[in-house]
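None of the values given here were measured: they were computed from a predicted structure.
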Amino acid sequence: MVQPTLDVSPPKWHLAHTTWFWETFLLKQFQPGYAVFHPDYAFLFNSYYNSLGSRVNRADRGTLSRPPLADVYRYRAYVDEHMAMLLAGLGGLPPRPPSWSSWACTTSSSTRSCWQPILNIS
């Protein structure tokens with residue numbers, strides 16, 4: 001995993017961290033019966049939320065060889081699937097935005113609504 005400077009997290013770690021964020025702050029709290037993907041990911045991908053437990057030091061993120069990228073992609077797919085279910089349960093919203101990779105906006109004289117992808121880095 002490449003980490004160009006101590007102040008920049010490696011891309012694989014960042015993808016997993018953003019996934020962990022949605023899992024931790026939305027799915028675990030608002031989706032009844034949600035099961036975390038992997039119990040060790042809370043330690044590996046917590047950035048600075050000390051109240052949530054220990055974490056990997058930022059300068060050491062580039063030394064992580066595990067989990068492999070394929071596992072991070074599986075993690076992301078798992079969380080994306082559960083986020084779609086959570087959003088669908090809000091009522092009145094489609095189960096997922098029209099596009100995960102771009103903005104889809106409509107403009108009228110009185111309203112403007114846009115869907116933003118939920119941190120989909122693909």
side-chain contact (heavy atoms from CB on, under 4.5 Å) between Tyr73 and Thr19, intermediate numbers included: CA-CA 10 Å; Tyr73 283 140; Thr19 304; over 6 Å; no
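Across Ser47 and Trp20, no two heavy atoms sit closer than the pair N-CZ3, 4.4 Å. Considering all non-hydrogen atoms of both residues, Met83 and Leu26 come closest at CE-CD1, 3.7 Å. Nearest heavy atoms, Trp22 versus Val79: CB-CG1, 4.1 Å.
For the pair Thr18 (side chain) and Leu15 (backbone), a donor-acceptor distance under 3.5 Å is present.
A distance of 5.0 Å separates CD of Gln31 from CE of Met85, quoted to the nearest 0.5 Å. Once rounded to the nearest 0.5 Å, the distance linking CZ of Phe21 with CG of Leu27 reads 11.5 Å.
Side chains of Tyr78 and Glu23: a donor-acceptor N/O pair is absent below 3.5 angstrom, by distance only.
For Phe30, there are no ring-ring contact (aromatic ring centres under 6.0 Å, His included) partners, not counting sequence neighbours.
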Please list every donor-acceptor pair under 3.5 Å in which a side-chain atom of residues 35-42 meets a protein atom from a residue at least two apart or in another chain.
{"from": "His38", "atom 1": "ND1", "to": "Asp40", "atom 2": "N", "distance (Å)": "3.0"}

